[in-house]
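Each remark here refers to the structure printed beneath this line.
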Amino acid sequence: MRNIEVAQILREIGILLEIKGENRFRVLAYQEAARKIENWPEAVETLAEEGKLREISGIGEGLSTKIEEYLRTGKIDFLEELTKEIPRELIRLTEIPGVGPKIVRQIYSELGIVNIEQLEQAIQEHLLQNLPGLGIKSEEKIRKGIDIIKKSTGRMLLGDALPLAEEVVIFLRENTQIKKISTAGSLRRMKETIGDIDILASTVDANRMMEAFINLPMVKQIIAHGTTKSSILTYEGVQIDLRVVDNQSFGAALQYFTGSKEHNVKLREYALKKGYKINEYGIYRIDDGERRGGEKEEDIYQILGMEWIPPEMREDQGEIEAALQKRLPILVDVKDIQGDLHVHSDWSDGLVSIEEMAKAAAQKGYQYIAICDHSQGLAVASGLTPEQIQQRKKEIIHWNNNHAEIFVLEGIEANILSDGTIDLPDEVLVQLPIVVAGIHTGLGQATEKINQRLEKAFKNPYVQIISHPTGRLINKRDATQGDLALLFKYAQQTTTALEMNAQPERLDLKDIDARQASEKYQIKLVVSTDSHDTLSLNLMRLGVAQARRAWLTKNDILNTYDKDQLLQTLHKKRDRLII
DNA sequence: GCCGTTTTCGGCCCGACTGTTTTCAGTCG
Ligand SMILES: Nc1nc2c(ncn2[C@H]2C[C@H](O)[C@@H](COP(=O)(O)OP(=O)(O)OP(=O)(O)O)O2)c(=O)[nH]1
Ligand SMILES: [Mg+2]
Ligand SMILES: [Mg+2]
Ligand SMILES: [Zn+2]
């Protein structure tokens with residue numbers, strides 16, 4: 001998959017064109033194409049080979065030619081020429097908050113600045129404040145911007161952002177007179193990483209609310225402070241945006257502030273075609289200028305003849321078209337989840353006993369929980385030998401004989417060895433009602449090797465679920481080199497389910513891949529927390545959110561089934577493959 | 001640079017905050 005790489009190149013061309021002062025819609029075309037390719041579930045090189053690039057809306061004659069050239073030669077002539085005029089280094093400067101293409105162009109052409117060090121030097125010598133359109137304050141603002149970008153740690157994990165947002169919301173509730181409040185932006189859409197925390201509120205006194213906000217104890221710096229919108233930076237380097245509107249506009253504002261940007265643009269374009277105008281204050285008829293709604297978020301979609309679209313779907317990935325046809329799927333909900341099929345106990349590297357895990361799971365209202373400890377191939381995680389599995393079995397039987405509130409399933413997270421065999425013999429696997437298998441070592445192997453390993457694992461009749469299929473760790477480790485399309489084919493052929501691991505830094509399979517697995521290959525998925533302690537069981541919420549972002553329904557997720565149905569489904573494979 | 005159940009040319013969302021500005025451009029959400 002070279003999608004990210006190609007998207008990156010297109011994005012760079014877009015920014016360079018913007019600095020050059022090109023037509024902004026031409027710039028937009030590059031940005032939009034980049035986004036489309038980044039979110040495309042198939043490999044861009046495959047599309048190019050098959051001559052299908054132009055089937056992506058937003059990629060036409062010019063862009064497809066450039067993309068093909070890049071994939072073939074590793075270069076784009078047009079870009080080579082462009083960088084002679086606009087150095088590539090300048091792109092980094094546009095990443096400074098408050099510094100855009102116009103300022104970069106100006107400091108480059110007037111002062112010859114191409115990097116942050118030179119910019120800092122120029123600021124120290126107060127060279128910027130004498131440039132037309134800039135002054136003392138702009139210079140200071142840019143200096144602060146450089147501070148921010150230097151300390152910036154990139155996008156946060158959703159799992160880290162959620163509690164922080166909750167803390168801010170609670171503080172605002174306690175210290176201001178709030179009518180309504182909600183998180184918005186990527187956080188409400190439950191995107192796997194979060195750029196900043198967006199909060200929307202309606203209140204009796206907007207000014208007081210803003211005062212309270214910018215005086216939060218966590219505030220390091222005030223980025224903007226207006227009557228309806230303020231932004232602050234916390235000591236941890238997290239930006240928080242607060243938008244305040246009247247109660248009667250809360251719905252329209254929530255729609256706006258939830259985004260995504262691309263969803264908003266598409267929605268607003270469609271509205272225009274139908275004679276309406278949408279902004280964060282409401283939806284208006286263009287002919288008479290009358291406001292037609294906006295108190296509730298549903299107003300906006302309903303007036304346009306659409307179903308209300310769940311926030312997780314608002315990525316301009318076909319949801320607007322589906323909502324118009326009233327064909328949105330009924331997304332899986334946390335309440336549908338009947339059990340967790342991947343948790344560890346202190347028999348391996350878990351921190352709590354089977355009993356504690358079972359009690360906690362029962363508390364969550366689950367019907368069943370599968371204890372899937374590591375197996376012997378993973379010694380660092382105290383993986384279980386066949387003998388230990390026998391021992392553990394007694395404890396599980398004992399629990400089930402004495403407790404009706406939840407059924408504990410005996411399971412394993414077996415290790416896929418570097419030759420693709422499972423680290424436990426079939427005689428052991430056949431005894432286990434739940435068999436998950438995953439790659440934990442040799443993640444850096446070449447494509448061919450990973451593919452072969454997985455093929456072998458998928459073909460093992462006892463392996464029901466592949467855990468964390470790509471092995472990626474967000475912001476830390478890339479997915480393995482395994483070919484996802486091939487992996488999906490194996491899963492389809494062998495009716496093996498794939499896990500959507502809910503650990504905040506895994507979320508693996510990820511949303512767009514899970515959607516592809518389900519839509520194109522009819523693969524079933526399992527949302528699991530991979531808990532090593534009881535608190536982590538709550539991560540189910542994150543995993544289900546990713547499933548919702550993958551457009552999945554209850555029927556697509558095996559751990560929404562009741563116990564009998566689940567076991568029947570999971571055991572079909574061994575019944576079919578062993579005659 | 002892309003696109004088209006009204007278009008193959010003329011559109012391509014809409015508004016807040018900041019700083020520098022005598023009326024608005026730049027940046028960002
Ligand atoms: N209509 C419109 N809405 C926008 C635009 N930019 C941002 N928004 C809305 C939708 C976004 O989800 C919301 C919050 O903006 P953010 O920049 O914080 O983006 P978002 O939270 O989606 O992603 P993030 O994780 O913060 O990078 O504001 C825009 O250009 N037009
Ligand atoms: Mg945001
Ligand atoms: Mg924001
Ligand atoms: Zn694992």
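Within every chain, numbering begins at 1; the chains are lettered A, B, ... in the order of the sequence lines, protein sequences first and strands thereafter. These figures come from a predicted structure and were not determined experimentally.
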[atom1] spacing across the pair [N] / [M], given as an integer number of angstrom:
{"N": "B/dT18", "M": "B/dC12", "atom1": "C1'", "value": "27 Å"}
{"N": "B/dT6", "M": "B/dG10", "atom1": "C1'", "value": "14 Å"}
{"N": "B/dC2", "M": "B/dT8", "atom1": "C1'", "value": "12 Å"}
{"N": "B/dG4", "M": "B/dC13", "atom1": "P", "value": "15 Å"}
{"N": "B/dT27", "M": "B/dT21", "atom1": "C1'", "value": "16 Å"}

Nucleic acid contacts - [range] versus DNA chain B, non-hydrogen atoms under 4.0 Å:
{"range": "residues 201-229 of chain A", "result": "A/Ala224, A/His225, A/Gly226, A/Thr227, A/Thr228, A/Lys229"}
{"range": "residues 47-57 of chain A", "result": "A/Ile56, A/Ser57"}
{"range": "residues 58-73 of chain A", "result": "A/Gly58, A/Ile59, A/Gly60, A/Glu61, A/Gly62, A/Leu63, A/Lys66"}
{"range": "residues 102-120 of chain A", "result": "A/Lys102, A/Ile103"}
{"range": "residues 278-300 of chain A", "result": "A/Ile278, A/Asn279, A/Glu280, A/Tyr281"}

Would you classify [X] as touching base, sugar-phosphate or nothing, given that sugar-phosphate means primed atoms plus P, OP1 and OP2, and contacts are heavy atoms under 4.0 Å?
{"X": "A/Val99", "result": "sugar-phosphate"}
{"X": "A/Lys261", "result": "base"}
{"X": "A/Pro97", "result": "sugar-phosphate"}
{"X": "A/Leu17", "result": "nothing"}
{"X": "A/Arg243", "result": "sugar-phosphate"}
{"X": "A/Ile142", "result": "nothing"}

Check the distance between [N]'s [atom2] and [X]'s [atom1] and give it to me in whole angstrom.
{"X": "A/Arg24", "N": "B/dC14", "atom1": "CZ", "atom2": "C1'", "value": "11 Å"}
{"X": "A/Leu128", "N": "B/dG19", "atom1": "CG", "atom2": "P", "value": "15 Å"}
{"X": "A/Leu324", "N": "B/dT5", "atom1": "CG", "atom2": "C1'", "value": "14 Å"}
{"X": "A/Leu267", "N": "B/dG15", "atom1": "CG", "atom2": "C1'", "value": "16 Å"}
{"X": "A/Glu95", "N": "B/dT27", "atom1": "CD", "atom2": "P", "value": "14 Å"}
{"X": "A/Lys141", "N": "B/dC28", "atom1": "NZ", "atom2": "C1'", "value": "9 Å"}
{"X": "A/Ile136", "N": "B/dT21", "atom1": "CD1", "atom2": "P", "value": "11 Å"}
{"X": "A/Glu140", "N": "B/dG19", "atom1": "CD", "atom2": "C1'", "value": "14 Å"}

For [X] and [Y], which I'm curious about, is there any donor-acceptor pair between the side chains at under 3.5 Å?
{"X": "A/Gln121", "Y": "A/Glu125", "value": "yes"}
{"X": "A/Asn264", "Y": "A/Glu262", "value": "no"}
{"X": "A/Asp483", "Y": "A/Thr447", "value": "no"}
{"X": "A/Tyr30", "Y": "A/Glu18", "value": "no"}
{"X": "A/Asp556", "Y": "A/Thr553", "value": "yes"}

With side-chain hydrogen bond (donor to acceptor under 3.5 Å, both in side chains) as the rule and sequence neighbours excluded, what pairs involving [range] come up?
{"range": "residues 205-215 of chain A", "result": "none"}
{"range": "residues 165-186 of chain A", "result": "none"}
{"range": "residues 141-162 of chain A", "result": "A/Glu120-A/Lys150, A/Glu140-A/Arg143, A/Arg155-A/Thr193"}
{"range": "residues 512-521 of chain A", "result": "A/Glu42-A/Lys520, A/Arg515-A/Glu519"}

Syn/anti state for B/dT20 [syn: chi within 90° of 0]: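 That one's anti.
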
Heavy-atom donor-acceptor pair, A/Tyr256 side-chain to B/dG29 base, under 3.5 Å: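 Indeed there is one.
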
Check whether any side-chain N or O of [X] sits under 4.0 Å from OP1 or OP2 of [N], and answer yes or no.
{"X": "A/Arg26", "N": "B/dG1", "result": "yes"}
{"X": "A/Gln239", "N": "B/dG29", "result": "yes"}
{"X": "A/Ser231", "N": "B/dC17", "result": "no"}

Between CD on residue A/Glu22 and CD1 on residue A/Ile13, distance to nearest 0.5 Å: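 If I round to the nearest 0.5 Å, the distance is 12.0 Å.
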
By salt bridge (Lys or Arg N to Asp or Glu O under 4.0 Å) - contacts of A/Glu50 (at least two apart):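 Partners of A/Glu50 under the salt bridge (Lys or Arg N to Asp or Glu O under 4.0 Å) test: A/Lys52.
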
State plainly whether the residues [X] and [Y] are in salt-bridge range, i.e. N to O under 4.0 Å.
{"X": "A/Lys266", "Y": "A/Glu321", "result": "yes"}
{"X": "A/Glu236", "Y": "A/Lys220", "result": "no"}
{"X": "A/Glu69", "Y": "A/Lys75", "result": "no"}
{"X": "A/Arg54", "Y": "A/Glu61", "result": "yes"}
{"X": "A/Arg188", "Y": "A/Glu312", "result": "no"}

Cation-pi check, A/Arg291 onto A/Tyr281 ring (under 6.0 Å, within 45° of axis):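 Judged by the rule (NZ or CZ under 6.0 Å from the ring centre, within 45° of its axis), A/Arg291 is not positioned above A/Tyr281.
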
Is it true that a side-chain atom of [X] and a backbone atom of [Y] form a donor plus acceptor pair closer than 3.5 Å?
{"X": "A/Arg243", "Y": "A/Phe257", "value": "no"}
{"X": "A/Glu505", "Y": "A/Ile474", "value": "no"}
{"X": "A/Thr83", "Y": "A/Glu80", "value": "yes"}

Can you give me every donor-acceptor pair (side chain of residues 298-306 of chain A, partner residue at least two apart or in another chain, under 3.5 Å) with its distance?
unit_1: A/Asp299; atom_1: OD2; unit_2: A/Gly294; atom_2: N; d: 2.9
unit_1: A/Asp299; atom_1: OD2; unit_2: A/Glu295; atom_2: N; d: 3.2
unit_1: A/Asp299; atom_1: OD2; unit_2: A/Lys296; atom_2: N; d: 3.1
unit_1: A/Tyr301; atom_1: OH; unit_2: A/Gln255; atom_2: NE2; d: 3.1
unit_1: A/Tyr301; atom_1: OH; unit_2: A/His263; atom_2: NE2; d: 2.8
unit_1: A/Tyr301; atom_1: OH; unit_2: A/Arg314; atom_2: NE; d: 3.4

Pairwise 5' ranking along DNA chain B for A/Val27 and A/Glu139, keeping only the more 5' one: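 The residue mapped nearer the 5' terminus is A/Val27.
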
Most 5' of A/Ile96 and A/Pro132 on DNA chain B, judged by nearest nucleotide: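 The residue mapped nearer the 5' terminus is A/Pro132.
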
Can you pull every protein N or O that's under 3.5 Å from an N or O on nucleotides 7-12 of chain B?
unit_1: B/dC12; atom_1: O3'; unit_2: A/Glu269; atom_2: OE2; d: 3.0

